[in-house]
Amino acid sequence: MKVVTAAEMRQIDQDTIEGIGIPGIVLMETAGSAIVRAIEQHYPTCQRIGIFVGKGNNGGDGLVIARQLAHAGREVHLFLVSPVESFTGEAEINLQIARRLGLQIEFYGTETVPTTLASCELFVDAIFGTGLRDTVRGSIATVIKTLNNFSTPILSVDLPSGLDANTGHPLSTCVRADRTVTIGLPKRGLLVHPGAEFAGKLEIVDIGFPEQVIDAQGIKVNWTTTAEVSQWLPPRPPASHKGTYGRVLVVAGSTGMTGAAALASEAALRTGAGLVTLAIPKHLNPILEGLLPEVMTLPLPETDAGSLSVSATSAILEFSEKTKSVLAIGPGLSQHPDTVALVHQLVRENSEQGLGLRLVIDADGLNAIAQASEIVSLLDREAILTPHPGEMSRLTSTSVRNLEADRIRTAQQFASEHNLTLVFKGAPTVTGLPNGDVWINSTGNSGMATGGMGDVLTGIIAGLMAQGLSSETAAILGIYIHGLAGDIAAEALGMHGLVASDVLKAVPKAISSLKK
């Protein structure tokens, strides 16, 4: 599903009206009807509804909602937060209709709170839409603060009033909605934090914007949905064997960090890879052989600190090239200088010798790359990097605060500049592709904010790549499955105390649910 900026949404609206010929008043009526259906579905028992209306198109939607709810027998109270004479266009037309119908309308632009607010069982926020560009101040800011202070549930039309549609940051005062029903397409600010928190539960309603109008915008940002990703699952033909589903070599582990290696390896198997081998420091071999009966091991030379040595380079490359394995590098690898040199050498030789190995690099693999910026330029289009904000900061020499200020742009720029796939982990995880496209993930929860989750994700992505998916598809689908497994685990166990192995166990169920 495409995700739009405020400007893109305005252009779609304008092209639909002027180019296709669907009148704005028709789009407004359709939008209002869709939101009324949402109210009837989610708030069926709320009889007294307060609707807060601004002077623009968002307010016009609110006026349509008020009229239709009143027609359905609800007790509607309309509160205008702008003077009557400031209404124009379709909003003015719908205001005049509401007045002729005798709906209860009062101006709410002072600090005096209307007494009728206390009796309302639902507030509908139709004050500002995507057109807001400036700080909310004055009487409207007071209105919004008053709404937030009530315990009455709030449904926002299109966007919580006061939220920046592009960044998700509040423009000073902002409505804290329990539910937002957004029109046509999701706006960027509704999917990233803190905007997602202000929006509450998000619902998207289709009001008939033509596909050719949307496609003409060349929108680069997408939101993952079950309908899309379920079509990307690798097939499991009846006449198949373990070789059908590819191989993964996980280069991971060091003294004190065997868990990361184990989680990544098992995740690749749980995702459907046919064969998984774990390349580890030789002293860890007895531990991991006993821990992972389905995973093969490749014991390799190690440093005095118990991490992989640079002398293991040739064995790793020979094994990967011979078995055509996807190479997952980094979980629990350590930042020992000799191990850092190993990572550099693996990337360098893969590039210089033209081996064509497909790489997923995470954790200490990323920290190693960050120590030599020229190594990034040796990665090819098939490579996937999976940094969290701290690792991304080290890769780019940019503060976490600046990177997090616009997660979409951060992922998009890095992936485009370096011609690779960049998985910028966080809430939400954002994936940048070499062609400039961006995918915002829609699954996952705060219970997943604990150690080991990234190791599971690395294994999932590598497992999907081994089954023949492109790097881009494996990254987007892998992130979705990872988050969905987290949601399934949280549903069963709760978010508090959720651990990475819980998510790992839920991966097969997550995949199965996508096949339904």
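Here F319 contributes atom CZ and L300 contributes atom CG; the two are 10.0 Å apart, rounded to the nearest 0.5 Å. Residue M392 holds its CE atom at 12.5 Å from CG of N402, rounded to the nearest 0.5 Å.
Shown here is K505, whose NZ atom has no more than 12 heavy atoms of other residues, nucleotides or ligands within 6.0 Å.
Here E382 pairs with R358, D380, S471 under the side chain to side chain contact (heavy atoms under 4.5 Å, CB included) rule; sequence neighbours left out. Qualifying side chain to side chain contact (heavy atoms under 4.5 Å, CB included) partners for A267, counting only residues two or more places apart in sequence or in other chains: V456, I460, L504.
Between the side chain of T339 and the backbone N or O of L308, at least one donor-acceptor pair lies under 3.5 Å. Of the possible polar contacts, none joining the S377 side chain to the S373 backbone as a donor-acceptor pair under 3.5 Å is found. Judged by distance alone, with hydrogens and angles left aside, the side-chain atoms of S320 form a donor-acceptor pair with the main-chain N or O of I316 at under 3.5 Å. Using modelled atom types, no side-chain atom of R176 and backbone atom of P160 make a donor-acceptor pair closer than 3.5 Å. Side-chain N or O atoms of T152 include none that pairs as donor or acceptor with a backbone N or O of F150 at under 3.5 Å. Side-chain atoms of S309 do not come within 3.5 Å of backbone N or O of E302 as any donor-acceptor pair.
Nearest approach of G486 to M448, heavy atoms of both residues: CA-SD, 3.7 Å. Between H169 and P194, the closest heavy-atom pair is ND1-CD, 3.7 Å. The two residues L278 and A252 have their closest heavy-atom pair at CD1-CB, 4.3 Å. Shortest non-hydrogen contact noted between A165 and K187 is O-CB, 3.8 Å. Minimum heavy-atom separation, T386 to E391: O-OE1, 3.9 Å. Of all heavy-atom pairs between L163 and C174, the closest is N-SG, 3.6 Å.
At a cut-off of 3.5 Å, with distance as the only test, a side-chain donor of T224 or N441 sits close to an acceptor on the other residue. When only modelled atom types and interatomic distance are considered, N419 and R381 share a side-chain donor-acceptor pair under 3.5 Å. Between the side chains of S230 and T226, no donor N or O sits under 3.5 Å from an acceptor N or O. One side chain, E349 or Q353, offers a donor N or O that lies under 3.5 Å from an acceptor on the other.
Pairs passing the side chain to side chain donor-acceptor pair (under 3.5 Å) check and including a residue from residues 253-278, sequence neighbours excluded, read T255-H283, E266-R270.
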